[in-house]
Amino acid sequence: MENVRYEKRGHTGLITLDKAADLNALNAAFIQEINNALDQAEQDEDVYVLILTGTGKAFIAGADIAEMYEKDRAAIMEWSALGSGLNLRLENMKIPVIAAINGYALGGGLELALACDIRLASQSVKLGLPETSLGVICGAGGTQRLPRIVGEGMAKELIFTADVIDARQALNIGLVNRIVPAEDLMDAAFQIADAIGKNGPIAIRAAKKAIAFSNVSSIEEGCHFEREVFSRLFETEDQKIGMGGFLRKEKNVTFKNR
Ligand code: HXC
């Protein structure tokens, strides 16, 4: 059976990680399979939103400890570029990515979820960055993204203690956007994806880009960048469709992605 499945429903791509034997532990071959699925989503102009989820009790239980164990410094440097590269790729994808976290998201698994735009959690999730309990630290962006999402103090507590937290705690610190019953997780993810997919797809991509810029800019630079991106949208057909639809009092408009 395939470890990574890709399918499309409407304008939403769905990637399902299904390597139950080791709880979706991230090794080089598995990362390659995920990248292949991302290629499929990226090559399809008609996919406006992507959902990533796991099966069974894990989203991803971390990087593959067995694969990492024997590596020396040079080898692990090369290896961690795979995980880091995957997460940068996800973060920089033009379309929004929703992590539908169904179970354990630990270490490299949480790091991957941190690179997604929206995180939904089922009631039973367990989240944490336990790398320090293994004598190492995050190697795929966790020390950089977690503080930006939950603040430095909370990130330090989670990373220094290696504590694994539940859905309620994760929601309280803003690590996940919402908690849903396990059986409703995918419906909730698709509902959000559909809500995003109804809006102007070029505008959504522009919004993602502008929000990402806020991480690296002063407020002045950011507002300038936003104005640039905003004004470019007035060269699109979708701007005329959206604003024209309002002026004609149309209830629903269909954007054309151009
Ligand atoms: C390799 C793993 C694994 C991992 C689970 N497995 N997590 N193998 N790497 N990260 C394997 C187990 O060895 C076991 O294989 C099978 O999956 C089922 O796991 P169990 O432990 O039997 O399940 P359970 O008792 O339910 O416990 C679940 C668990 C535990 C709490 C999630 O598996 C666990 O603590 N896993 C490690 C979590 C972790 O430390 N993650 C961070 C890794 S470091 P067998 O063959 O025995 O059935 C990291 C660094 C990132 O991620 C760096 C990025 C570059």
Side-chain angles (χ1 to χ4, degrees), residues 13 15 26 31 34-35 38-39 41-42 45 47-52 60 63 76-99 101 105 107-120 127-129 131-132 136-160 170-171 173-177 192-193 196 199-236 238-239 257:
I15 294 179
L26 291 166
I31 290 173
I34 299 171
N35 272 313
L38 291 178
D39 288 343
E42 261 180 352
E45 289 273 312
V47 169
Y48 297 168
V49 188
L50 184 64
I51 300 173
L52 250 158
I60 300 173
I76 200 69
M77 189 70 178
E78 204 173 301
W79 188 90
S80 76
L82 297 176
S84 218
L86 171 63
N87 293 346
L88 282 167
R89 179 178 183 186
L90 279 169
E91 186 168 65
N92 292 327
M93 272 185 91
K94 288 184 182 160
I95 57 173
V97 183
I98 299 170
I101 308 173
L110 181 57
E111 291 183 272
L112 185 143
L114 293 172
C116 297
D117 299 294
I118 294 171
R119 281 166 293 283
L120 301 184
L127 308 177
L129 294 174
E131 286 93 338
T132 54
V136 297
I137 65 167
C138 308
T143 62
Q144 304 306 299
R145 293 191 180 92
L146 188 63
R148 290 174 198 212
I149 294 169
V150 303
E152 191 176 313
M154 199 49 79
K156 283 178 173 167
E157 182 176 330
L158 281 174
I159 290 170
F160 296 167
L171 183 67
I173 62 172
L175 180 52
V176 298
N177 295 32
I192 295 178
I196 295 171
N199 297 326
I202 307 176
I204 297 294
R205 298 198 292 268
K208 176 164 173 171
K209 216 169 157 184
I211 293 168
F213 196 75
S214 74
N215 279 324
V216 294
S217 66
S218 67
I219 193 84
E220 286 81 7
E221 289 166 331
C223 289
H224 179 76
F225 183 80
E226 184 192 65
R227 251 183 29 247
E228 280 289 321
V229 176
F230 171 70
S231 63
R232 268 184 236 151
L233 294 170
F234 285 72
E235 294 175 338
T236 67
D238 280 354
Q239 177 264 331
N257 193 21

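Owing to the predicted nature of the structure, the values given are computational and were not obtained by experimental measurement.
When side chains are defined from C-beta on, Val49 does not count as touching Ile204, because their heavy atoms never get closer than 4.5 Å. Lys209 has its side chain out of reach of Val229: every pair of non-hydrogen atoms, C-beta onward, lies at least 4.5 Å apart. Looking at Leu90 and Leu52, their side chains come closer than 4.5 Å, going by heavy atoms from C-beta outward. Within the 4.5 Å cutoff, side-chain heavy atoms of Val47 are placed close to those of Ile95. Inter-residue side-chain proximity for Leu50 and Leu38 is flagged as met; some heavy-atom pair is nearer than 4.5 Å.
Side-chain N or O atoms of Asn87 include one that pairs as donor or acceptor with a backbone N or O of Ala140 at under 3.5 Å. Put simply, the side chain of Arg119 never gets that close to the backbone of Ile101: no donor and acceptor are under 3.5 Å apart.
Listed by first and then second residue, the side chain to side chain donor-acceptor pair (under 3.5 Å) pairs involving residues 199-208 are Asp117-Lys208, Arg205-Asn257 (not counting sequence neighbours). Here side chain to side chain donor-acceptor pair (under 3.5 Å) pairs that include residues 138-149, with residues two or more places apart or in two chains, are Glu91-Arg145.
For Glu228, the salt bridge (Lys or Arg N to Asp or Glu O under 4.0 Å) partners two or more places apart in sequence, or in a different chain, are Arg232. By the ring pair (Phe, Tyr, Trp, His ring centres under 6.0 Å) test, Phe160 pairs with no residue at all, sequence neighbours left out. For Glu157, there are no salt bridge (Lys or Arg N to Asp or Glu O under 4.0 Å) partners two or more places apart in sequence or in a different chain. Taking Lys156 as the reference, Glu152 meet the salt bridge (Lys or Arg N to Asp or Glu O under 4.0 Å) condition, with sequence neighbours excluded.
Here the straight-line distance linking atom CG of Leu82 with atom CD1 of Ile31 works out to 5.0 Å at 0.5 Å rounding. Interatomic distance, Ile118 CD1 to Ile196 CD1, rounded to the nearest 0.5 Å: 4.0 Å. To the nearest 0.5 angstrom, Leu26 atom CG is 12.5 Å from Ser80 atom OG. Note that CG of Leu127 and CG of Leu158 are 9.0 Å apart. Values are rounded to the nearest 0.5 Å.
In the displayed structure, Glu221 atom CD is contacted under 6.0 Å by more than 12 heavy atoms of other residues, nucleotides or ligands.
Applying side chain to side chain contact (heavy atoms under 4.5 Å, CB included) to Leu120 and the options Ile51, Val176, Ile98 leaves one that passes, Ile98.
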